[in-house]
Peer 1: 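The structure under discussion is supplied below as structure tokens; questions concerning it will follow.
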2 protein chains.
Amino acid sequence: MTAKQFASVWTREPRQGKAQGLTRDQIVRAAIEILDAEGLAALSMRKLGARLGAGATSLYWHVANKDELLELVYDEVWGEMSVPDPDSAGWRDTGWAFAHGMRKVILRHPWLAGLLGKLPAIGPNALRAAELLRKGLHQAGFRGLEEDYAGAAITAFVFGSVIPEVVWTSAAAEKNYDTASMREAVKTAAADYPDLIARAEEYAAHEPAAVREMNFAFGLACVLDGLERRLVT
Amino acid sequence: MTAKQFASVWTREPRQGKAQGLTRDQIVRAAIEILDAEGLAALSMRKLGARLGAGATSLYWHVANKDELLELVYDEVWGEMSVPDPDSAGWRDTGWAFAHGMRKVILRHPWLAGLLGKLPAIGPNALRAAELLRKGLHQAGFRGLEEDYAGAAITAFVFGSVIPEVVWTSAAAEKNYDTASMREAVKTAAADYPDLIARAEEYAAHEPAAVREMNFAFGLACVLDGLERRLVT
DNA sequence: ACCTGAACACCGTTCAAGT
DNA sequence: ACCTGAACACCGTTCAAGT
């Protein structure tokens, strides 16, 4: 048994206006750092607490539970999205910029893909973005339910596009597979479908980032074309 | 201490040709039952083992780990998808049927949404469906990378559409919130955006299943229109 | 070949207690 | 008001041992 160190108000550091306590903001930022560095599965309350030099259970003063923390984190990153100004451009440019802005955020934080199907997004940043999209589509001429449908079509396309973009790389990162062996695995899995393999090989022959960007642009243009047509009619 | 029951080869049931052992198929089916009934978070190896009258660790003979089990489960449900025959209909009908088939599977197994961003889909059922979509788009006239882009656009739209459809109801189910209080929460969260609230209220005024179906049909028609246009040009 | 149980190294969360 | 540590009820997974 070692003796306890002497401690009293006089030996202890002053409180200094609560500058050293935990903040919800601080917690959220630290969580994002862990998520960016190690992925969704690696975030635990204990690890997060340790990173902040606090006990895991201290977090529960600032945050009701882990799911609520994830909601905060989820909305925080939507704040990074650069939203276009619907007043300064045509609706089509707005839609285009909106979709690319969303995509960029998810590519920067791939763990978002694992949260999309888990949490509803009703935080302030998500709502701000939703309102901007709505406004752009309203100015374009959509009214009533079609205003919703049009917005849903754009965001649906973005979510659905980015998920497969991200799921491979983040699965590979979490279990650290090498990409060559993964490609090989797909090839043997698809042995019955030579045409599918041929397609995968042509796809893989291109620079990944570039071909994905084109893939995204192609689909987005389809969606926007469809919206435009519905507007004219 | 209670005495052990007498047991020997003679009192024990015969082996009967290994009819009573666990099967991979059996395990996968039981897992789906749990998932359908209680959702993704409720599935544990221990619970699954118990349901099958076995120890949790027995499962590891048939399955490498939980993630692999989820991959099996994931692919298994894609087997339920009714895939259209691209030879018997125009490509647009095929695309339409394909998208609706996918959507139906996810709506029947909402926990799929939580897996989309987590697991790549390269099981046999997923590949069979992918090949069919590819074939339909090839017959339509898409070639090269555009064949991929077109397929990706359709599946992206379906995934992205169904996620928000499902995430609310499954979040509500897991924590059993009542829908009225959730709607109220959204309303107060969006207090700064009256137009957004107005839209949400008109949306909520309709029969949910019907308005979602229309939402889906609207966006899908946009995507297909866009594809058609790219085909003609 | 297939299954078991004990054990390990984790989880999220509660709560009485401290300052 | 904020933080701590011990404790509870779970996890997924490994592995020696059984049949």
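All values derive from a computational prediction rather than experimental measurement. Numbered from 1 within each chain, the chains take letters A, B, ... in sequence-line order.
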Peer 1: Does the ring center of Y149(B) lie less than 6.0 Å from the ring center of F216(A)?
Peer 2: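 No; F216(A) has its ring centre 6.0 Å or more from that of Y149(B).
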Peer 1: Using a 4.0 Å heavy-atom cut-off, does L52(A) contact any base of the nucleic acid, only the sugar-phosphate backbone, or nothing at all?
Peer 2: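 Answer is nothing: L52(A) stays at 4.0 Å or more from every strand.
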Peer 1: Classify the nucleic acid contact of A54(A) as base, sugar-phosphate or nothing, counting any heavy atom under 4.0 Å across all strands shown.
Peer 2: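 It contacts sugar-phosphate atoms only.
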Peer 1: Where each residue is assigned the nucleotide of DNA chain D containing its nearest heavy atom, which of R46(A) and S58(A) is assigned the position nearer the 5′ end?
Peer 2: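 Nearest nucleotide further toward 5': that of S58(A).
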Peer 1: Give the rounded distance in Å between these two atoms: CD1 of I27(B) and P of dC3(C).
Peer 2: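 Result: 8 Å.
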Peer 1: Under 3.5 Å, is there a donor-acceptor pair between the side chain of K47(B) and the main chain of A42(B)?
Peer 2: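 Pair found, side chain donor or acceptor close to backbone of A42(B).
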Peer 1: Find the distance L40(A):CG to dG12(C):P and express it as a whole number of Å.
Peer 2: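 The answer, rounded to whole Å, is 11 Å.
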Peer 1: Can you tell me the distance, in whole Å, between the CG atom of L43(A) and the P atom of dC11(C)?
Peer 2: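 Rounding to the nearest Å, CG of L43(A) and P of dC11(C) are 10 Å apart.
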Peer 1: Does the side chain of E68(A) come under 3.5 Å of the side chain of H62(A) through a donor N or O and an acceptor N or O?
Peer 2: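 No.
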Peer 1: Using whole Å, what does the distance between atom P of nucleotide dC2(D) and atom OH of Y60(A) come to?
Peer 2: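 So the two atoms are 19 Å apart, to the nearest Å.
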Peer 1: Tell me if the CE atom of M214(A) is crowded by more than 12 foreign heavy atoms within 6.0 Å.
Peer 2: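 No, not enclosed.
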Peer 1: Can you give me the dot-bracket string for DNA chain C, 5' to 3', counting Watson-Crick and G-U wobble pairs with both distances under 3.5 Å, using [ ] for crossing pairs and | for partners on another strand?
Peer 2: ||.|||||...|||||.||
Peer 1: To the nearest 0.5 Å, tell me how far D75(A) CG sits from E71(A) CD.
Peer 2: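 Spacing of CG (D75(A)) from CD (E71(A)) equals 9.0 Å.
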Peer 1: Could you state the atom-to-atom distance from CE of M45(A) to P of dA9(D) in whole Å?
Peer 2: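 It is 20 Å, rounded to the nearest whole Å.
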Peer 1: Starting the side chain at C-beta, find the nucleotide from dT14(C), dG12(D), dA1(C) nearest to S44(B).
Peer 2: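 Of the candidates, dG12(D) comes closest.
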Peer 1: Quick one: label L69(A) by what it contacts on the DNA or RNA (base, sugar-phosphate, nothing), any heavy atom closer than 4.0 Å.
Peer 2: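 L69(A): no heavy atom of the nucleic acid under 4.0 Å.
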Peer 1: Just one of V186(B), L196(B), D192(B) clears the side-chain contact (heavy atoms from CB on, under 4.5 Å) bar with L127(A), so which one?
Peer 2: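 Going through the options one by one, the only one that passes is L196(B).
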Peer 1: In this structure, how many angstroms lie between the P atom of dC3(D) and the CZ atom of R24(A), rounded?
Peer 2: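 Whole-Å distance recorded here is 13 Å.
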Peer 1: Without decimals, in angstroms, what is the distance between L70(B) CG and dT13(D) P?
Peer 2: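 Between P of dT13(D) and CG of L70(B): 10 Å.
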Peer 1: Could you give the CD-to-C1' distance, from E68(A) to dG12(C), as a whole number of Å?
Peer 2: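 It works out to 14 Å between those atoms.
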Peer 1: Using modelled atom types only, decide if a donor and an acceptor are shared between the side chain of T23(A) and the backbone of Q26(A) within a distance under 3.5 Å.
Peer 2: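 Pair absent, no side-chain N/O of T23(A) close to backbone of Q26(A).
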Peer 1: Which nucleotide sits closest to the side chain of W61(A): dT4(C), dC3(D), dT13(C)?
Peer 2: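 So the nucleotide nearest the side chain must be dC3(D).
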Peer 1: With a cut-off of less than 4.0 Å, is there a side-chain N or O of H62(A) near OP1 or OP2 of dA1(D)?
Peer 2: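 Indeed not, no polar side-chain atom of H62(A) lies that close.
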Peer 1: Can you find a side chain N or O atom of T57(A) that sits less than 4.0 Å from OP1 or OP2 on dT13(C)?
Peer 2: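 No, because none of the side-chain N or O atoms of T57(A) sits under 4.0 Å from OP1 or OP2 of dT13(C).
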